[in-house]
> 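Here's a structure for you.
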Protein chains: 2
Amino acid sequence: MGATKAAFFTDKQNSIANMAKALGHPARIAIIEYLVKVNACICGDIVNELPLAQPTISQHLKELKQAGLIKGTIEGNSVCYCIDEKVVDRLHEYFKNISQRLEKKNNCC
Amino acid sequence: MGATKAAFFTDKQNSIANMAKALGHPARIAIIEYLVKVNACICGDIVNELPLAQPTISQHLKELKQAGLIKGTIEGNSVCYCIDEKVVDRLHEYFKNISQRLEKKNNCC
DNA sequence: TCTTTATATCGCAATATTACGATAATAGAA
DNA sequence: TTCTATTATCGTAATATTGCGATATAAAGA
């Protein structure tokens with residue numbers, strides 16, 4: 001096996017898991033944090049910032065983009081990347097909701 | 001290659017990435033959501049709830065536990081699992097912070 | 001046009017994840 | 001003690017991820 005049984009879970013569960021998976025690598029967290037700091041930048045800026053080769057950064061950007069976390073706009077011969085606020089907000093709301101629901105309950109085990 | 005270059009990133013980045021990675025699978029999201037709903041339960045309850053075999057559930061629980069997202073307490077011959085509120089709060093705060101910082105900036109690309 | 005710059009994609013090797021049958025380990029019941 | 005219930009671990013096959021050199025692609029400049 002090895003393939004995730006995504007079909008057995010809800011769309012929302014798969015969607016949240018996809019976003020979390022995209023953030024499940026320190027390089028991609030570093031990319032997100034850099035984008036928060038500089039607002040927007042091109043791929044080359046991130047290559048200069050992180051200790052990874054250009055194809056590797058490009059691949060990480062692709063995964064963040066596929067998960068919807070960032071947007072890329074072609075500007076001349078470079079690509080301007082920035083965070084998709086809506087998607088980050090969705091994650092924020094998700095964990096906020098869980099936190100609030102946990103507050104109302106007793107501590108268990 | 002294939003090994004993540006975790007040593008090049010900060011402890012915080014690695015920590016957030018680890019938590020996100022643990023949530024990066026729909027089965028583990030489903031387990032978290034079930035635990036939020038029932039507050040606490042034993043492994044067998046989750047096995048009855050999800051379309052996965054017992055060893056697979058046990059393995060997912062192990063990963064959630066290693067990431068600090070859940071706690072397990074031995075109760076007789078079963079184990080009581082529940083969510084670690086503090087860790088979920090840390091994730092909540094992380095995304096809240098990013099959301100707030102993004103609000104103050106212009107939309108880019 | 002030819003060259004440079006900026007990204008993306010291909011292909012591959014190393015490693016990690018996913019899923020589960022078989023089996024071990026442990027506690028409680030008979 | 002023997003049986004049952006509950007969970008963890010081992011072993012393994014299928015698949016996915018990570019990282020990067022080589023190369024392709026596309027736009028801008030000389």
Side-chain angles (χ1 to χ4, degrees), chain A residues 1-9 13-14 17-31 34-35 40-67 70-82 109, chain B residues 1-9 13-14 17-31 34-35 40-67 70-82 109:
Chain A
M1 311 272 157
T4 293
K5 288 185 157 186
F8 293 117
F9 303 98
Q13 285 168 339
N14 281 310
N18 262 326
M19 289 187 268
K21 191 175 182 181
L23 294 173
H25 191 291
R28 294 194 288 266
I29 290 290
I31 289 172
Y34 183 68
L35 281 175
C41 72
I42 63 172
C43 172
D45 294 337
I46 301 171
V47 173
N48 291 331
E49 193 72 12
L50 301 186
L52 294 170
Q54 180 271 323
T56 308
I57 298 291
S58 188
Q59 197 172 299
H60 282 308
L61 286 169
K62 191 181 176 184
E63 282 171 63
L64 286 169
K65 200 175 168 189
Q66 278 175 340
I70 64 172
K71 293 178 286 187
T73 312
I74 297 170
E75 282 187 1
N77 66 342
S78 61
V79 179
C80 178
Y81 283 103
C82 66
C109 30
Chain B
M1 311 274 158
T4 292
K5 288 185 157 186
F8 294 117
F9 302 98
Q13 285 168 340
N14 281 310
N18 262 326
M19 290 187 268
K21 192 176 182 179
L23 294 173
H25 191 290
R28 295 195 288 267
I29 290 291
I31 289 172
Y34 183 68
L35 281 174
C41 72
I42 63 173
C43 172
D45 294 337
I46 301 171
V47 174
N48 291 331
E49 193 72 12
L50 300 187
L52 293 170
Q54 181 271 324
T56 307
I57 298 290
S58 190
Q59 198 172 299
H60 282 308
L61 287 169
K62 191 181 176 185
E63 282 172 62
L64 286 169
K65 200 175 168 189
Q66 278 175 342
I70 64 172
K71 293 179 287 188
T73 312
I74 296 170
E75 282 187 0
N77 66 344
S78 60
V79 179
C80 178
Y81 283 104
C82 66
C109 31

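Just so it is clear, the model here is predicted, and its values are computed rather than measured. Numbers restart at 1 for each chain; the letters A, B, ... are given by sequence-line order, proteins then strands.
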> Using a cut-off of less than 4.0 Å, is there contact between a side-chain N or O of B:Ser58 and OP1 or OP2 of D:dT7?
no
> Which class fits the ring pair B:His25 and B:His60: parallel under 30°, tilted 30 to 60°, perpendicular over 60°?
tilted
> From CG of B:Leu64 over to C1' of C:dT18, roughly how many Å is that when rounded to an integer?
14 Å
> Starting at CG of B:Leu50, measure out to OH of B:Tyr34 and round the result to the nearest 0.5 Å.
9.0 Å
> CD of A:Glu63 versus C1' of D:dG19: gap in Å, rounded?
11 Å
> Below 3.5 Å, does any donor atom in the side chain of A:Asn77 face an acceptor in the base of C:dT5, or the other way round?
yes
> Take atom CG of A:Leu50 and atom P of C:dT7, then tell me their distance rounded to the nearest Å.
14 Å
> Rounded off to whole Å, could you give me the NZ-to-C1' distance for the B:Lys62 and C:dA19 pair?
15 Å
> If I take atom NE2 in residue A:His60 and atom P in nucleotide D:dT17, what distance separates them, rounded to the nearest angstrom?
12 Å
> Would you give the length of the straight line joining atom CD1 of A:Ile29 to atom CG of B:Asn14, rounded to the nearest 0.5 angstrom?
9.5 Å
> Under 4.0 Å between a side-chain N or O of B:Thr56 and OP1 or OP2 of C:dC20?
yes
> Kindly say whether, by distance alone, the side chain of B:Gln59 makes a donor-acceptor pair under 3.5 Å with the base of C:dC20?
yes
> Nearest to the side chain of A:Leu52 - D:dT7, C:dT9, D:dG19?
D:dG19
> Roughly how many Å is it from NE2 in B:His25 to P in C:dA16, rounded to a whole number?
18 Å
> 5'-most contact on DNA chain D: A:Gly76 or A:Ala53, nearest heavy atom basis?
A:Ala53
> Nearest-Å distance, CD1 (A:Ile42) to C1' (D:dA27)?
13 Å
> At under 4.0 Å between heavy atoms, what does B:Lys21 touch on the DNA or RNA strands: base, sugar-phosphate, or nothing?
sugar-phosphate
> Separation of A:Ile46 atom CD1 from C:dT7 atom C1', in whole Å?
12 Å
> Applying the side chain to side chain contact (heavy atoms under 4.5 Å, CB included) criterion to A:Tyr81, which one of A:Ile31, A:Thr73, A:Ile70 satisfies it?
A:Ile70
> Report yes if a donor N or O on one partner sits less than 3.5 Å from an acceptor N or O on the other, where the partners are the side chain of A:Gln54 and the base of C:dA6; otherwise report no.
no
> What are the two closest heavy atoms between A:Leu64 and A:Ala22, and how far apart are they?
CD2-O, 3.8 Å
> Report yes if at least one side-chain N or O of B:Tyr81 is closer than 4.0 Å to OP1 or OP2 of D:dT6; otherwise report no.
no
